[in-house]
Amino acid sequence: MSTVDSDIKAALVSALKTACDAGELPKFEMPADIPLERPKQDTMGDLATPLCMQLARMLHLAPIVIATTVVKHLPTLEAIGQAEAVKPGYINLRYNPEWLTRQVDAIMAAADTFGNCDLGNGQRVQVEFVSANPTGPLHIGAARNAVLGDAIARVLDAAGYAVQREYYVNDAGSRVRVFGETLYARYAQALGRDVPLPQDGYMGQYMADMANDIIGQVGDKYLQAPHDKAVLELGAEGLRRVVASAEADLAFMGIRYDRWFSEATLYSDGTYDRALSILRDGNHLEKHDGALWFKAIELGGGKDEVVIRSDGTPGYFASDIAYHYNKFAIRGFERVIDVWGADHQGHVPRMRAMMQALGLDPSCLTIILYQLVTLKRGGEVVRLSKRTGDIITLREVLEEVGADAVRFFLLARDADSQMDFDLDLAKEQSEVNPVYYVQYAHARTSSILRFAGDVDYSQGDVSLLTTEAEQALIRRMIRLPEVVRIAAEHLAPHHLAYYAQELAASLHTFYRDCRVVNPEPGAEQITLARLKLVAACRTVLARTLHLMGMTAPDVM
RNA sequence: GCCCCAGUAGCUCAGCGGAUAGAGCAACUGCCUUCUAAGUAGUGGGCCACAGGUUCGAGUCCUGUCUGGGGCGCCA
């Protein structure tokens with residue numbers, strides 16, 4: 001489908017050359033890329049190129065003169081029915097209606113693969129997302145990360161990349177120790193011991209709940225063990241539970257990972273030592289103030305960063321070094337995408353410096369930063385404090401508003417855009433909620449096909465689809481490949497949300513203007529053609545929804 | 001103080017250097033004996049924060065200013 005664009009570009013180049021050879025245009029160097037865009041208004045056509053305005057200066061000719069000449073020599077193309085040179089110097093192109101309607105058959109043939117492209121060429125890319133500290137249930141802040149990361153993975157998959165989804169489990173840091181201490185304290189308290197919570201411990205009620213749960217299963221055996229051993233084992237047990245609950249929460253919104261990667265293994269399998277020795281050999285490490293530092297400044301990393309603290313324990317950055325060394329040098333990913341909240345934005349320059357110091361290409365690592373979400377309820381900001389344990393969990397929100405609504409709302413904005421997430425609005429099942437608007441369109445197509453019964457419309461003649469509404473709908477449908485391509489190139493799945501609404505709008509307009517199942521005599525053929533159109537549209541809607549990780553309901 | 005992100009219709013936001021800047025909601029006016037009205041047609045609404053610059057062409061790129069958010073820990 002996207003070959004149409006390249007055919008058009010080739011045809012434009014060919015027209016330019018013909019005009020040159022005929023002496024109608026002066027000789028000049030062909031531009032490397034031919035710009036092709038969607039006109040702002042439908043009346044202008046389906047595609048347009050401002051090419052001639054760019055050439056005007058070089059050729060010392062008015063853009064409109066060049067455009068007229070190019071149009072004159074434009075070879076005929078199957079997809080293009082009309083080419084026109086207009087005012088400032090655009091060439092506007094209009095699809096050939098017969099070609100357009102044939103795309104319905106093409107979509108039916110492509111089915112679930114419609115919209116895919118081979119942009120990625122099978123390149124191995126890893127998307128690492130969420131990766132929240134496993135010290136408590138996922139809270140709502142993780143939702144945007146989850147939705148964004150998963151949609152990026154889905155889009156890249158559709159764009160022909162070999163995608164691996166990964167969750168990085170921070171099971172090695174000092175916070176895990178504190179987590180174990182907290183759990184131990186709650187455990188002991190529940191068994192009647194007066195053990196204080198650690199400084200900086202986790203205050204949430206969930207820790208006490210977890211302690212009780214563990215007691216229910218294994219009793220007081222950890223009280224018998226030596227303190228350090230108990231903390232360690234209890235911490236590990238708690239961690240297992242927290243990770244399992246994260247996995248369950250994410251699965252609840254349709255997100256599955258290929259791998260849950262343990263930070264601790266970086267230290268046990270030698271990766272950490274290897275990565276660090278590379279930095280040492282490259283003279284990127286320096287000891288002062290009792291700590292070992294990564295010299296990021298000299299590589300443009302903003303500020304130097306502690307690798308090993310003065311107490312001898314490795315900091316989070318030590319793990320990051322080893323982890324990214326593992327991703328590229330050991331597992332061989334050609335490209336890695338990390339999805340981070342904007343509050344980690346200061347680390348990005350250091351990550352680039354680190355890549356360089358490890359002898360890796362910094363451009364192979366893309367860090368997607370998303371702005372933080374303000375949670376609202378009926379227009380009121382909902383304040384959260386993780387410190388006091390006063391959190392809103394992802395699970396609560398999923399159960400309250402539903403996974404589809406959470407996904408759509410958090411996906412419908414550019415990652416760079418700060419946004420409010422209004423729980424009451426997301427929950428509202430009315431016209432103010434675009435989630436239902438889009439899903440309703442899909443349900444409507446299903447409903448029409450249901451109503452039609454067992455009719456075999458596979459031989460429907462799509463060339464009968466000549467009305468404005470029918471053709472407008474097809475125009476929208478065939479845009480999906482382009483939307484996927486753009487979303488993949490920019491790692492910006494929000495384009496899907498806008499496209500979904502446009503496609504739904506076209507379907508609804510078509511529904512109003514065109515009776516599909518028409519029992520009147522003589523309407524048999526148009527009924528079959530329209531049923532095929534509806535089926536194709538249903539495919540495109542479902543595909544779009546699935547790329548966003550949403551369900552496509554048949555009944556609403 | 002320095003760094004990052006944003007500032008576009010009353011509100012929430014799209015807008016891959018190109019044409020008369022778009023969508024949803026809100027407001028107003030219409031449309032259900034018809035396959036789902038969770039729908040649809042129309043109207044009004046804009047110095048694209050501000051000031052310079054680059055360009056044939058700037059909401060889009062550059063510089064500065066203002067406003068909002070985030071960051072600048074031997075936390076992650």
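Proteins get letters first, then strands, A, B, ... in listed order; numbering begins at 1 in each.
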Check: Roughly how many Å is it from CG in A:Asp416 to C1' in B:C13, rounded to a whole number?
Finding: 14 Å

Note to self: Generate the contact string for nucleotides 71-76 of chain B. Rules: B means base contact, S means sugar-phosphate contact only, - means no protein heavy atom under 4.0 Å.
What the structure shows: SS-BSB

Margin query: Side chains of A:His284 and A:Phe294, heavy atoms from C-beta outward: is any pair under 4.5 Å?
Written below: yes

Check: Does OP1 or OP2 of B:A37 have a side-chain N or O of A:Tyr511 closer than 4.0 Å?
Finding: yes

Next item on the list: Would you indicate which nucleotide in B:U40, B:A19, B:C35 comes nearest to any side-chain atom of A:Ile448?
Entry: B:C35

Margin query: Taking B:C25 as the reference, what is the distance to B:U43 when you measure between their P atoms (whole Å, please)?
Written below: 15 Å

Next item on the list: May I ask you to say what A:Pro88 touches in the nucleic acid, namely base, sugar-phosphate or nothing, with a heavy-atom cut-off under 4.0 Å?
Entry: nothing

Notebook entry, point to check: NE2 of A:His494 versus P of B:U12: gap in Å, rounded?
Noted result: 17 Å

Notebook entry, point to check: Say you pick atom C1' in B:U60 and the same atom in B:G17; how far apart are they, in whole Å?
Noted result: 7 Å

Notebook entry, point to check: Given the P atoms of B:G46 and B:G22, what is the spacing between them in whole Å?
Noted result: 13 Å

Notebook entry, point to check: So does A:Glu482 pair up with A:Arg485, basic N to acidic O under 4.0 Å?
Noted result: no

Checklist line | Minimum-distance nucleotide (side-chain atoms of A:Met556 versus B:U20, B:A37, B:A38) | finding: B:A38

Next item on the list: Name the nucleic acid region contacted by A:Pro63, choosing base, sugar-phosphate or nothing; use a 4.0 angstrom heavy-atom cut-off, strictly under.
Entry: nothing

Note to self: Quick one, A:Tyr316 and A:Asn170 - any side-chain contact, counting heavy atoms below 4.5 Å?
What the structure shows: no

Note to self: Nearest to the side chain of A:Arg413, heavy atoms from C-beta on, is which of B:A19, B:C35, B:A14?
What the structure shows: B:A14

Note to self: Counting the atoms with a prime plus P, OP1 and OP2 as sugar-phosphate, which does A:Ala443 contact under 4.0 Å by heavy atoms, base, sugar-phosphate, or nothing?
What the structure shows: base

Next item on the list: Classify the nucleic acid contact of A:Gln501 as base, sugar-phosphate or nothing, counting any heavy atom under 4.0 Å across all strands shown.
Entry: nothing

Margin query: Between A:Lys327 and A:Glu166, does any side-chain N to carboxylate O distance fall below 4.0 Å?
Written below: no

Item checked: pair A:Ile308-A:Trp293: side-chain heavy atoms closer than 4.5 Å -> no

Next item on the list: Assign A:Met419 to base, sugar-phosphate, or nothing according to its heavy-atom contacts below 4.0 angstrom with the strands shown.
Entry: sugar-phosphate

Note to self: Just the rounded figure in Å: distance from C1' of B:U34 to CZ of A:Arg444.
What the structure shows: 12 Å

Next item on the list: Please work out if A:Val348 contacts a base, only the sugar-phosphate, or nothing of the nucleic acid, heavy-atom cut-off 4.0 Å.
Entry: nothing

Next item on the list: Could you check whether A:Val555 gets within reach of a base, just the sugar-phosphate, or nothing at all, counting any heavy atom under 4.0 Å?
Entry: base

Next item on the list: Mind checking A:Asp422 for me? I need base, sugar-phosphate or nothing, with any heavy atom below 4.0 Å counting as a touch.
Entry: nothing

Note to self: Looking at the base of B:G68, is there any donor atom on it, or on the side chain of A:Gln418, that sits under 3.5 Å from an acceptor on the other one?
What the structure shows: yes

Checklist line | Anti/syn call for B:C32, syn if |chi| within 90° | finding: syn

Next item on the list: Scan A:Ala48 against the nucleic acid and name what it touches under 4.0 Å (heavy atoms): base, sugar-phosphate only, or nothing.
Entry: base

Next item on the list: Using the C1' atom as the reference point in each nucleotide, state the distance between B:A51 and B:C66 in Å, no decimals.
Entry: 11 Å

Item checked: Short side-chain N/O contact from A:Lys40 to OP1 or OP2 of B:A19, under 4.0 Å -> yes

Notebook entry, point to check: When we call it a touch if two heavy atoms are under 4.0 Å apart, what does A:Ser447 touch: a base, just sugar-phosphate, or nothing?
Noted result: base

Next item on the list: With C1' as the reference atom in both, quote the distance from B:A9 to B:C47 in angstrom, rounded to an integer.
Entry: 14 Å

Margin query: So A:Cys52, base contact, sugar-phosphate only, or nothing? Heavy-atom distance under 4.0 Å.
Written below: nothing

Check: Which nucleotide in the list B:A14, B:U20, B:C16 gets nearest to the side chain of A:Glu482?
Finding: B:C16

Next item on the list: Describe the nucleic acid contact of A:Gln54 in one word from base, sugar-phosphate, nothing, applying a heavy-atom distance below 4.0 Å.
Entry: base

Next item on the list: Using the C1' atom as the reference point in each nucleotide, state the distance between B:G57 and B:A19 in Å, no decimals.
Entry: 10 Å

Next item on the list: Step through it carefully: locate the ring centre of A:Tyr167, locate the ring centre of A:Phe129, and say whether they are under 6.0 Å apart.
Entry: no

Checklist line | Side chain of A:Thr509 (C-beta onward), nearest among B:A41, B:G39, B:C5 | finding: B:A41

Notebook entry, point to check: Between A:Asp420 and A:Arg413, is the closest basic N to carboxylate O distance under 4.0 Å?
Noted result: no

Check: Is there a side-chain polar atom (N or O) of A:Tyr370 under 4.0 Å from OP1 or OP2 of B:C4?
Finding: no

Margin query: Using a strict threshold of under 4.0 Å (side-chain N to carboxylate O), is an ion pair present between A:Lys427 and A:Asp422?
Written below: no

Margin query: Return whichever of A:Arg450 or A:Gln371 has its heavy-atom-nearest nucleotide of RNA chain B closer to the 5' end.
Written below: A:Gln371

Next item on the list: Kindly assign one of parallel, tilted or perpendicular to the pair A:Trp340 and A:His347, based on the angle between their ring planes and the thresholds 30° and 60°.
Entry: perpendicular

Margin query: At 4.0 Å (heavy atoms only), tell me whether A:Asp33 reaches a base, stays on the sugar-phosphate, or touches nothing.
Written below: nothing

Check: Separation of A:Ile64 atom CD1 from B:A19 atom C1', in whole Å?
Finding: 12 Å

Margin query: Which nucleotide wins on minimum distance to the side chain of A:Tyr498, given the candidates B:C13, B:A19, B:U20?
Written below: B:C13

Notebook entry, point to check: Given the C1' atoms of B:C11 and B:A27, what is the spacing between them in whole Å?
Noted result: 12 Å

Notebook entry, point to check: Under 3.5 Å, side chain of A:Arg377 to main-chain N/O of A:Asp424, donor-acceptor pair present?
Noted result: no

Margin query: Both A:His495 and A:Pro39 contact RNA chain B. Taking the nearest nucleotide for each, which residue is further toward the 5' end?
Written below: A:His495

Item checked: Residue pair A:Ala56 / A:Ile66: nearest heavy atoms and the distance that separates them -> CA-CD1, 3.7 Å

Next item on the list: Quote, to the nearest angstrom, the C1' distance that separates B:G70 from B:A23.
Entry: 28 Å

Margin query: Need one value for A:Asp320: base, sugar-phosphate or nothing, where a base atom within 4.0 Å counts as base even if backbone is also close, heavy atoms only.
Written below: nothing

Margin query: Taking donor-acceptor contacts at under 3.5 Å, does the side chain of A:Asn92 reach the base of B:A19?
Written below: yes

